[in-house]
Asks: 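Structure below; questions to follow.
What you see is a predicted model, and the numbers here were worked out from it, not measured in a lab.
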Amino acid sequence: RHWQHAAIQGHPESRLILGFLEYHLLNHELAVQHLMISTKMGCEKSLNGIKELFMGGHATKAQYVEALKGYQNALEETKSPQREEAKKIQWK
């Protein structure tokens, strides 16, 4: 119940956990839905989970492509000149 509440509040790792729980309960469609949401929030582990579901025949190619695009969009949304400058300073 706590994972569900956290997922509703927008916590991507909670969605990841719910996705894996649903997968183990053989609810593959629901697993893909949870992982898709967290992938679109930038959770790389969820993207990898969808890839595994796709490779195992439990997700479609279209779902995997949607996940890739959603993940890329999430990464793009987090980019800013200030963050790029901070990365440069961090690695000096």
Asks: Sorted by first residue and then second, give each salt bridge (Lys or Arg N to Asp or Glu O under 4.0 Å) pair with at least one member in residues 30-39; sequence neighbours left out.
Replies: none
Asks: With rounding to the nearest 0.5 angstrom, report the CZ to CG distance, R15 to L18.
Replies: 7.0 Å
Asks: Would you check if L53 and Y23 make a side-chain contact, meaning some heavy-atom pair closer than 4.5 Å?
Replies: yes
Asks: Could you tell me which residues satisfy salt bridge (charged side-chain N to carboxylate O under 4.0 Å, His left out) with E77, sequence neighbours excluded, listed by chain and number?
Replies: none
Asks: Check side-chain hydrogen bond (donor to acceptor under 3.5 Å, both in side chains) between N27 and all other residues, then give those that pass, not counting sequence neighbours.
Replies: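 In terms of side-chain hydrogen bond (donor to acceptor under 3.5 Å, both in side chains), with neighbours along the sequence ignored, N27 is linked to E22.
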Asks: Measure the spacing between OG of S38 and NZ of K45 and express it to the nearest 0.5 Å.
Replies: 11.0 Å
Asks: Please, which pairs that meet salt bridge (Lys or Arg N to Asp or Glu O under 4.0 Å) have at least one residue in residues 23-42, sequence neighbours excluded?
Replies: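 Sorted pair list: K40-E66.
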Asks: With a cut-off of 3.5 Å and sequence neighbours excluded, list every side-chain donor-acceptor pair involving residues 67-75.
Replies:
{"from": "Q72", "atom 1": "NE2", "to": "E76", "atom 2": "OE2", "distance (Å)": "3.2"}
{"from": "N73", "atom 1": "ND2", "to": "K69", "atom 2": "O", "distance (Å)": "3.4"}

Asks: Run the numbers on K51 and Y64 for side-chain contact (heavy atoms from CB on, under 4.5 Å), then give the verdict.
Replies: CA-CA 6 Å; K51 179 182 177 183; Y64 181 52; 3.5 Å; yes
Asks: Step by step, work out the side-chain contact (heavy atoms from CB on, under 4.5 Å) result for I50 and M36.
Replies: CA-CA 7 Å; I50 291 178; M36 188 69 72; 4.2 Å; yes
Asks: What is the distance from atom SG of C43 to atom CD1 of I37, rounded to the nearest 0.5 Å?
Replies: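 Here the rounded value is 12.0 Å.
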Asks: With sequence neighbours left out, which residue pairs that include part of residues 52-62 fulfil the salt bridge (Lys or Arg N to Asp or Glu O under 4.0 Å) condition?
Replies: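 For residues 52-62: none.
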Asks: Roughly how far, to the nearest 0.5 Å, is NE2 of H58 from CG of L26?
Replies: 8.0 Å
Asks: Atom CG in L35, atom CG in N48: separation rounded to 0.5 Å?
Replies: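 Going from the CG atom of L35 to the CG atom of N48 covers 10.5 Å.
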Asks: Taking a hydrophobic cluster as the set of Ile, Leu, Val, Met, Phe, Trp and Tyr residues connected by side-chain heavy atoms closer than 4.5 Å, whether directly or through intermediates, do F20 and L47 fall within one such cluster?
Replies: yes
Asks: Would V32 and F54 show up in the same hydrophobic cluster when neighbours are defined by side-chain heavy atoms closer than 4.5 Å?
Replies: yes
